[in-house]
Amino acid sequence: MHVVRYNPLMDTRYTPHSYENDIYKKWEESGAFSADSQVQTMGEHQPFCIIMPPPNANDPLHIGHAMGVAVQDALIRFHRMRGSKTLWLPGTDHAGIETQYVFEKKLRKQGKSRFNFDRDTLYSMIAEYVDENSQVAISQMKRLGASADWDRFTFTLDEDVVTFVKDTFLKLHDDGLVYRDEKLVNYCTKCGTSYSELEVVYKEQQTPLYYLQYGPFELATTRPETKFGDTAVAVHPDDRRYQHYVGNTITVEGISSPFELTVIADEFVDPEFGTGVVKITPAHDHNDFAVWQRHKDAMPALKQVIGFDGKLNELAGEFAGLPVVEARQKVVAVLREKGLLVKVDDTYQNRVATCYRCSRVIEPLPLTQFFISVNKKDNSLAHTALKSLSAGQTKILGAGREKILKHWLENLQDWNISRQIVWGISIPVWYQVDGYESSVHVGFLTKDGVYTRGTLEELLTQFSIDEVVAGVQSVQAENTVPYVVSLEKPNGGGMYLAETDTFDTWFSSGQWPVVTLKTGKSDDFETFYPTSVMETAYDILTFWVMRMMLLGEYLTGRSPFSNVYLHGLVRDEKGKKMSKSKGNVINPLEIIDKYGADVLRMSLVIRSTPGQDRSVGEPDFKAARNLTNKLWNAARFVMLQIENNEGGDNTPHSEFDVKLTEVVRSITSHIDELRLGLAADELYNSFWHWYCDECIEQHKKGSLSTDQLLTGLTTFLILFHPFMPYITEVIWQELRERSLVKTNLLISTPWANS
RNA sequence: GGUCAAUUAGCUCAGUUGGUUAGAGCGCACGAUUCACAUUCGUGAGGUCGCUGGUUCAAGUCCAGCAUUGACCACCA
């Protein structure tokens, strides 16, 4: 073999690291990523747009992100080459609770906590921390080869985004879809915030079931420590055993002194369970709270005995100050001494609500919060979203998960959007506190940095209002305190305190497709909304996709995307879930270092199916690595043939063009119909087993012309480019140097005709 | 208790609207190779497509039931 001149293609192996950075730079400099560089021809293909699910601003990417980038970038590159005006809009998320949780962990290591800082200081500390780390995710996406429009990059706390999100809240409020009410919320006493129903993880466990002597009854409970908050006893209305007690007042021998309760009848009581008698603790149990709402006239007000610190309060007498678990043991011990404990069932299994973030037990606690009503009769957000699903305006690709989404929408409860953390968008609400000083609970840092809390009434005897405001950490106004929804502090003589809660992160990300396009370049919204595909993992279907549908419809009257492509979770090569404790986590960056971005992308996408988990491991990476090498060597062969002018007199093979056209047609339709796994698989096989095994061999035997061989190569480079952008572009550059192709960059080369 | 999904070669998985001898990667056996590529090439072994019925000229694909696994939801005092 004689070498005409030195060129990297003479290496028999493809080495991704020698090329990837340069190629990415070339793409960026060419402006190919920008939606503005493409002119939408009035042809057959509509504008194409994907809003990237914004990863957490300060976390490194995991392999699931790599899956997302691989799928989205493949679609984007395909549609761009096919001549659509194409936008892939990237961004990052402030990830309220996640970020504050991580940050507070850091503080703890320094022996500090959030209570050492006022709101503004804490917020800027977290902001600084996020700033320091926020380039990580972006640079990693670039290494993956993401051809996103970085000029349109958006962060969820960008000023115009924040303004937009607050305006949405105002609009919802004007439309009567926001209300404030005291309800039981899912509260994590460790994270110090409430959550929506979605963020609660239920765990099956054994919980002792205590049978207590309770006045004239025996009753079963798992939570004897809440008895200080009992406000009634309930039985089933048809239960003959207890019917004659209904409406009566009974006397219960308490721990210190006896107390009286009314017996009520409610359908929720299961006569078969326990003794058929239930103590009602409305402040600490969702069912009991519902009973209380139905029987308000027959029962006293809420009695909260567990505080937001997870400890019993003064109503618990001698047990005040004890954490819940400890208190339970002590209460049981005292009851046993007094002979009030009948028996204990240690085999009882139940489900306990835990925090998705820190795994601590979630306490249902009464808190006054802002809610969005999702099922209001004449203006139902959920109903509208359901209609677009049924009408097919939004299609869900993901193994039956459309039904899960519908089920959620049909049963959705009002959305609690208040979070008691600082890292987020503050809720634009002001409390008018004059005359309500005793109903406003404030925690703040004095000038000397001492954490102080109490009602405003108490605090104002020692401090000025300005001093309180300057050091404020939290304001908790009771349900009776009047409030104003407003971006600015209301005018007028009254004394106002700003709400300290922030929005649930999903409230802002739920507006993402709308807010990114509306705050972007002038006509982005008109051109690209509704977006074409929303691509994300199925585990945030309800958290995020559902909320985007609710709010997208509300804000624009249209569902925010035509297709939802739900990729599966990435598992290890044995199909096991990846976790740090198992030590089977694959770091995408390590795979890129070892094999290159193309290999990682291809091995994730090939033969993957929406909604189905994907398992990958070393054998898959090697297989994809071998494919890059195969492409490399096929290209070398073709170029060597041409340079050495060999095979020039070969005759054209008539079946070749037919078959190639069929390959192009098939791959094109697969990608167009979002069958990426199948497209990649077919591409792999037709390239390797047809083009390399058959066509190249035919050429060697003289029955396929060099022109056809070159056409085959360039066609396959085009078809492979969405899946393996780097190597295909490297080869394209080699062909271009030899004047074998006309366009400067493959990324901007028109798609193959079929 | 309800819903959804999965069950195809030793392993991990494809198989779009039902249509000839069911595919890939890895693994296995045997062989080849100065000729693009040993990150290669060729040949081969290996599957009653979970089970039982049904619809159809035709079923891995559609229907019903069952089994196993996983996920989601509901109840739980």
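Atoms considered below: every heavy atom in the structure, side chains included; atoms not considered: hydrogens, waters and symmetry mates. Every chain is numbered from 1, with letters handed out A, B, ... down the list of sequences.
Distances from the side chain of A/Trp688 to the nucleotides B/C41, B/U16, B/A36 place B/C41 closest. When the nucleotides B/A36, B/C13, B/A77 are ranked by their closest atom to the side chain of A/Asn350, B/A77 comes out on top. Listed nucleotides: B/A36, B/C41, B/G15. Nearest to the side chain of A/Asn633: B/A36. Listed nucleotides B/G42, B/C13, B/A24 differ in distance to A/Asp693; the shortest reach to its side chain belongs to B/G42. Of the listed nucleotides (B/C72, B/G15, B/A24), B/G15 has the atom at the smallest distance from the side chain of A/Leu678. With B/A36, B/U39, B/C72 as the choices, the nucleotide that has an atom nearest any side-chain atom of A/Phe637 turns out to be B/A36. If you check B/C13, B/A6, B/U40 against the side chain of A/Lys630, the one that comes closest is B/U40. Looking at the side chain of A/Arg607, the nearest of the listed nucleotides B/C73, B/C13, B/A36 is B/C13.
Between B/A14 and A/Thr609, a contact under 4.0 Å exists linking OP1 or OP2 to a side-chain N or O. Dashed line: the shortest gap from a side-chain N or O of A/Arg675 to OP1 or OP2 of B/U16 is not under 4.0 Å. Of the side-chain N and O atoms in A/His670, none sit less than 4.0 angstrom from OP1 or OP2 of B/G15. The phosphate of B/C73 has neither OP1 nor OP2 within less than 4.0 Å of any side-chain N or O from A/Asn411.
Nucleotide B/U68 forms a Watson-Crick or G-U wobble pair with B/A6, both donor-acceptor distances falling under 3.5 Å. Using N1 to N3 plus N6-O4 or O6-N4 for Watson-Crick, or N1-O2 and O6-N3 for G-U wobble, each under 3.5 Å, B/G25 pairs with B/C11.
Atoms CD (A/Glu682) and P (B/A14) sit 15 Å apart, rounded to a whole Å. In this structure, CG of A/Asn626 is placed 16 Å from P of B/A24, rounded to the nearest angstrom. The nearest whole Å value for the distance from the OH atom in A/Tyr691 to the C1' atom in B/A36 is 11 Å. Across the protein-nucleic acid pair, A/Met578 atom CE and B/U12 atom C1' stand 13 Å apart, rounded to whole Å. Per the geometry, CG belonging to A/Leu405 stands 13 Å off P belonging to B/C73, to the nearest Å. In this entry the distance linking CD1 of A/Ile642 with P of B/A36 reads 15 Å, nearest Å. Between the P atom of B/C26 and the CZ atom of A/Phe621 lies a distance of 15 Å, rounded to the nearest Å.
Base engagement by A/Arg351 is indicated by at least one non-hydrogen atom pair under 4.0 Å involving a base atom. At the heavy-atom level, A/Asp270 lies under 4.0 Å from base atoms of the strands shown. Residue A/His286 is classed as having no contact, given no heavy-atom separation below 4.0 Å to the nucleic acid. Heavy atoms of A/Lys700 sit under 4.0 angstrom from at least one base atom. In this structure, A/Tyr684 reaches the sugar-phosphate backbone alone: every heavy-atom distance under 4.0 Å involves primed, P, OP1 or OP2 atoms, never a base.
Checking A/Tyr195, A/Tyr356, A/Tyr187 one by one against A/Ile362, the side chain to side chain contact (heavy atoms under 4.5 Å, CB included) holds for a single residue, A/Tyr195.
When the nearest nucleotides of RNA chain B are assigned to A/Ala634 and A/Ala234 by heavy-atom distance, the more 5′-ward of the two goes with A/Ala634.
Taking only distance into account, the side chain of A/Lys403 never meets the base of B/A5 through a donor-acceptor pair shorter than 3.5 Å.
The side-chain tip of A/Lys700 points at the ring of A/Phe637 from less than 6.0 angstrom away and within 45° of straight on. Taking the ring centre of A/Trp632 as origin, the terminal cationic atom of A/Arg13 falls outside the region bounded by 6.0 Å and 45° from the ring axis. Both tests pass for A/Arg401 against the ring of A/Tyr538: distance under 6.0 Å to the centre and angle within 45° of the axis.
Not counting sequence neighbours, A/Trp408 has no partner by the ring-ring contact (aromatic ring centres under 6.0 Å, His included) test.
Rounding to the nearest 0.5 Å gives a distance of 10.5 Å between CG of A/Leu397 and CD of A/Glu535.
Nucleotides B/A24 and B/G46 place their P atoms 15 Å apart, quoted to the nearest Å.
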